[in-house]
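Heavy-atom basis, side chains included; hydrogens, waters and symmetry copies ignored. Order of the sequence lines sets the chain letters (A, B, ...), proteins ahead of strands, with each chain counted from 1.
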Protein chains: 2
Amino acid sequence: MFKKVLIVEDHESVSISVQKSLTDLGIPYDSRDYVYYCDDAIKRIEKAIAENEPYELLITDLSFEEDTPQLLKTGVDLIKAVKEIQPKMKTLVFSIENRAHVAQLLLKELDIDAFIPKARHDAKDLKLAIEALANGKKYFSNNLKQTVKDETPFKFTDYDTVLLKLLANGTAQKDIPIYFKKHNVVPAGLSSIEKRLSQIKTTLNLSSNEHLIAYVKDRKVI
Amino acid sequence: MFKKVLIVEDHESVSISVQKSLTDLGIPYDSRDYVYYCDDAIKRIEKAIAENEPYELLITDLSFEEDTPQLLKTGVDLIKAVKEIQPKMKTLVFSIENRAHVAQLLLKELDIDAFIPKARHDAKDLKLAIEALANGKKYFSNNLKQTVKDETPFKFTDYDTVLLKLLANGTAQKDIPIYFKKHNVVPAGLSSIEKRLSQIKTTLNLSSNEHLIAYVKDRKVI
DNA sequence: CCCGACATTACGGTTTCCCGTAACGTTTAG
DNA sequence: CTAAACGTTACGGGAAACCGTAATGTCGGG
């Protein structure tokens, strides 16, 4: 089992619960630390490396309240920073996010070792994950919603998200070509923009731009 | 201190932590129960009344995962139901919601006794609240964000939300009068609808319907 | 170099939205 | 009852979005 664990979680109640789970797994009090901010986390990790007692496991949330300015704003930022200074540390993400494709993306892009969504039986889930990691395995929670892929058979490209963000920010459709040409986004023609929007709406059975914006906001595409 | 407490929370990790807080306050194990669903909660409460050992305190979340169909879908539904059968029970809401005006609304409309947002020091906050309630006081967390009122000086009416929901669902502006006339919403004239939308956008400095929909989605107006 | 396939842009007609003005209806005060 | 004030609706011109089609550009293979 792990001898040194760091918990990064800005909700005290959740942090307490994670600590209890570690206790249940036989990880003693002095084997773990907890912090409320990513910036504190990276400092601790650096210090632990310097003292030749590096952490073995990182348990982190993804989103943090931005009440005080931080260099590392999200769990993703933190994991990237950790991978730079201690690439072999095991990383477990414990987040309210429950969409399988988001978890898979983290698994692939950031090479995390486990993803647990905060849900009905998340404490049990968490323990199973930690045990799996201690045995050198990866752990992908089965409480993740696979349905999202089915609900959204449509794949939004980077071009789409830029376009949708401009619309959601109030840019008139006819002015988008100006922005695209300035920022070297192609295709920049108004006609192409109209066609793309039309195609997206047809595919997703959406009948207006307002409908489309509501759709992507609900699904956190933008 | 309370002798019988019911915790309604669908995240196991949070539930565990709330229970630990109760333990810290000297409320023993057999004095409390916890459930994952609102429907289970109301059953327990009814049973407790029938057995002449009613609960004294209800600690509930607001939003629940809708994985299985429930009669009571939200904490608000639950509290309303509870107030009908046991109006004197103390009610404490423990939610991710941290906007002061939402909490105040619950305080006023549902006559809840305390509101604690899940945040950095929510466990401490929760304990303070429970102690206050045990002493017959109400407790309004000071971790709530007062800023929202300033950010949104605009007050959306019921008419506005109906209108915006129609737009967000893809109803064409020109077709909204048809819907309004059918459902006896006034004013129903296209001209009035245009004027109202225009007024909202001018007031909030929004330049298009897309912009407006993004705005209300971000602020959970609809 | 030429050609075809494809992506991108340009253009024009139609619909919808936008916005100002005027007409109509209702309520209230005198 | 009338007049004024206000809310609602009707109308019309202009702008933007929508959508089909044609023209132009781009890239690779022959």
Going by atom types only, do Thr161(A) and Asp158(A) share a side-chain donor-acceptor pair under 3.5 Å? no

For atom NE2 of His211(B) and atom C1' of dC17(C), their distance in whole Å: 18 Å

Between Asn143(A) and Asn98(A), is any side-chain donor less than 3.5 angstrom from a side-chain acceptor? no

d(CG, Asp175(B); C1', dT15(C)) in whole Å: 12 Å

What is the separation between atom CG on Leu206(B) and atom P on dC17(C), rounded to the nearest whole Å? 18 Å

For Gln173(A), report the nucleic acid contact type (base, sugar-phosphate, nothing); a contact means any heavy atom under 4.0 Å. sugar-phosphate

Any N or O donor-acceptor pair under 3.5 Å from the base of dT21(C) to the side chain of Lys195(B)? yes

May I have the distance from Lys181(A) (atom NZ) to dA10(C) (atom C1'), rounded to whole angstrom? 11 Å

Which one, dT8(C), dA17(D), dT9(D), comes nearest to the side chain of Ala188(B)? dT9(D)

By nearest atom, which of the nucleotides dC11(C), dC17(C), dA10(D) is closest to the Ser191(A) side chain? dC11(C)

Salt bridge or not between Lys118(B) and Glu9(B)? Use side-chain N to carboxylate O under 4.0 Å. yes

Between Ser198(B) and dC19(C), does any side-chain N or O lie under 4.0 Å from OP1 or OP2? yes

Among dC17(C), dT9(C), dT9(D), the one nearest Ala172(B) by side-chain distance: dC17(C)

Return the value, rounded to whole Å, for the distance between atom CG of Leu212(B) and atom C1' of dC18(C). 15 Å

Starting the side chain at C-beta, find the nucleotide from dC17(C), dT8(D), dT8(C) nearest to Lys174(B). dC17(C)

For Phe180(B) and dT9(D), give me the distance from atom CZ to atom C1', rounded to whole Å. 15 Å

Please confirm whether the shortest side-chain N or O distance from Asn209(B) to OP1 or OP2 of dC18(C) is below 4.0 Å. yes

In terms of side-chain heavy atoms, does Gln173(B) have a donor or acceptor partner in Asn209(B) at a distance below 3.5 Å? yes

Glu194(A) CD to dA22(D) P: how many Å, rounded? 17 Å

Specify the residue among Leu190(B) and Val186(A) whose closest nucleotide of DNA chain C lies further upstream toward the 5′ end. Val186(A)

Output the rounded distance in Å from CD (Gln199(B)) to C1' (dT8(D)). 14 Å

Test: Arg120(B) and Glu12(A) ion pair at under 4.0 Å: no

